[in-house]
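Ligands are counted one by one from 1 in listed order, and the atoms in each one are counted from 1 as well.
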Amino acid sequence: MSAEQTLAGIASEISTCERCALHASRKLPVPGEGPARAEVMFIGEGPGFYENEQGRPFVGASGQFLSQLLAQAELRRSEVWIGNVVKCRPPGNRDPLPEEVAACGAFLDRQIETVNPSVIVTLGRCSLGRFLPGARIGSVHGTLRKSGGRYIIPMYPPADALTQSALKATILADFIKLPALLKEVRAELGKAASKPRQEYRKENLKQLSLF
Ligand code: URA
């Protein structure tokens with residue numbers, strides 16, 4: 001079975017999942033999306049209002065901001081895999097409960113195993129806690145870590161920039177560091193460096209009204 005087929009099978013299981021209470025209030029589950037062999041996986045907390053409506057991750061305001069941040073990291077949204085720790089929307093966008101994270105855990109584990117990314121970027125505390133238990137986002141954001149044989153780069157959730165404007169510059173600075181961190185990972189893994197990507201940043205700078 002190809003990686004695409006495996007991911008489609010996982011998404012299909014998620015669509016009928018009733019392992020936790022979140023299924024009762026979901027409109028659409030949000031399994032995650034992206035190339036089956038993406039080099040980088042971005043893992044957020046859980047779907048919000050628009051994600052629940054559309055069945056796709058990061059499509060609301062924080063998703064638009066994430067797309068801009070990706071361009072600053074010289075990455076196209078279409079070349080990275082984007083998903084969440086929990087696949088159904090926690091009511092009122094509250095943090096997912098430990099039992100919800102646990103119930104959804106096997107889906108995320110299988111998605112990671114299938115995509116087999118070089119790097120996982122965590123977008124939020126709950127996502128960070130799953131890979132680096134006990135780490136504090138304020139201390140580890142924007143740095144390269146290792147956990148369970150994988151490289152992890154913890155980031156603040158993009159939504160924090162929308163609610164705490166003081167964090168915007170920090171989040172942007174962390175994403176701008178991403179190409180250098182990926183280069184470090186590729187060197188350690190012995191993988192070829194990607195082609196220059198500065199043009200993504202230039203295209204995007206025009207839209208990015210951060211300051
Ligand atoms: N949208 C998502 O899909 N996940 C988040 O964690 C936040 C917004």
query = Is the shortest heavy-atom distance from the side chain of I82 to the side chain of L70 under 4.5 Å?
reply = yes
query = Can any side-chain N or O of S12 pair as donor or acceptor with the backbone N or O of A8 at less than 3.5 Å?
reply = no
ask   = Distance only, no hydrogens: is a donor on one side chain within 3.5 Å (strictly under) of an acceptor on the other, for Y156 and Q164?
value = no
inquiry  = Return the closest protein heavy atom for atom 6 (O) of ligand 1 as residue, atom name and distance.
reply    = E45 N, 2.8 Å
ask   = Heavy-atom contact under 4.0 Å between G124 and ligand 1?
value = no
message = Please classify the E51 to ligand 1 contact at 4.0 Å (heavy-atom distances, strictly less than): side chain, backbone, both or neither.
response = side chain
inquiry  = Tell me if a side-chain donor or acceptor on N93 pairs with a main-chain N or O of G48 at a distance below 3.5 Å.
reply    = no
query = At the 4.0 Å heavy-atom cut-off, does G63 count as touching ligand 1?
reply = no
ask   = Distance-only, no hydrogens or angles: does the E99 side chain make a donor-acceptor pair with backbone N or O of A21 under 3.5 Å?
value = no
ask   = Does E45 use its side chain to pair, donor to acceptor, with the backbone of S127 at less than 3.5 Å?
value = yes
task = Could you tell me which atoms of ligand 1, counted from 1 in the order shown, lie closer than 4.0 angstrom to a heavy atom of G44?
result = 6 (O)
ask   = So is there a nitrogen or oxygen of F58 less than 3.5 Å from a nitrogen or oxygen in ligand 1?
value = yes
query = Can you tell me if N84 has a non-hydrogen atom under 4.0 Å from ligand 1?
reply = yes
query = Can you list the atoms of ligand 1 that are under 4.0 Å from a heavy atom of S62?
reply = 8 (C)
request  = Could you tell me whether G46 and ligand 1 have an N or O pair separated by under 3.5 Å?
outcome  = yes
ask   = Is the charged tip of R19 near the ring of F107: under 6.0 Å from the six-membered ring centre and within 45° of its axis?
value = yes
